[in-house]
Amino acid sequence: MPVEDFNSSLAESTFNVNVLGLVYCFEALLPDLVKNKKGTIVGVSSLADCRGFPKSGLYSASKAAATLLLECWRIELKKYNIR
């Protein structure tokens, strides 16, 4: 979407899917993974997470947020043998 057509409803929808969708899935899986002290979490992001592209600001920002969450969780979950 061009910046001239910016719409906060679309921003909310994009972040709900790309960031909060990941958060809710993580929340559901985490207790069992920690209890079993093993597992693998695969999160899908995009090359758009590190570079802004025309007409994709919301998408790029949401993917950057998703990538950073996954990187943080990767570090924190090492102690539970969760990759």
Side-chain angles (χ1 to χ4, degrees):
M1 146 178 88
V3 71
E4 295 83 7
D5 296 334
F6 180 81
N7 178 311
S8 61
S9 293
L10 183 57
E12 185 176 348
S13 175
T14 301
F15 274 80
N16 280 342
V17 171
N18 291 339
V19 180
L20 292 179
L22 179 64
V23 167
Y24 297 143
C25 185
F26 184 80
E27 181 180 41
L29 296 173
L30 186 60
D32 286 337
L33 293 172
V34 169
K35 182 176 118 185
N36 294 326
K37 294 197 182 342
K38 65 178 180 177
T40 302
I41 297 171
V42 178
V44 178
S45 189
S46 169
L47 292 175
D49 68 354
C50 62
R51 166 167 245 139
F53 293 101
K55 301 180 183 178
S56 66
L58 295 174
Y59 177 79
S60 295
S62 70
K63 288 301 186 173
T67 296
L68 287 173
L69 275 173
L70 290 166
E71 288 178 2
C72 293
W73 291 338
R74 178 183 58 82
I75 294 165
E76 290 187 61
L77 292 172
K78 278 184 180 182
K79 64 185 173 189
Y80 297 107
N81 195 34
I82 299 169
R83 302 180 311 133

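Residue numbers start at 1 and run along the sequence shown. Values in this document were obtained by computation on a predicted structure and should not be read as measured data.
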Count the heavy atoms of every other residue, nucleotide or ligand shown that sit under 6.0 Å from OH of Tyr80, and state whether that count exceeds 12. no
Note: Gly39 and Leu33 closest approach over all heavy atoms is CA-CD2, 3.8 Å
Does anything in residues 32-60 form a ring pair (Phe, Tyr, Trp, His ring centres under 6.0 Å)? List the pairs, not counting sequence neighbours. none
Quick one: pull up CG in Leu58 and CG in Asn7 and give me the separation to the nearest 0.5 Å. 9.0 Å
Nearest 0.5 angstrom please: Lys37 NZ to Ile82 CD1, how far? 8.5 Å
Check Ser60, Ser62, Ser9 against Thr14 for a side chain to side chain contact (heavy atoms under 4.5 Å, CB included) and give me the one that passes. Ser62
Assigning hydrophobic clusters by single linkage (Ile, Leu, Val, Met, Phe, Trp, Tyr; side-chain heavy-atom cutoff under 4.5 Å), is Val23 placed with Leu68? no
Could you tell me if the side chain of Ile41 sits less than 4.5 Å from the side chain of Leu77, heavy atoms only? yes
Kindly indicate whether the side chain of Leu70, heavy atoms from C-beta on, has any atom under 4.5 Å from the side chain of Leu22. yes
Sequence-distant partners of Val17, side-chain contact (heavy atoms from CB on, under 4.5 Å), two or more places apart: none
Could you tell me which residues satisfy side-chain hydrogen bond (donor to acceptor under 3.5 Å, both in side chains) with Thr67, sequence neighbours excluded, listed by chain and number? Ser45, Asp49
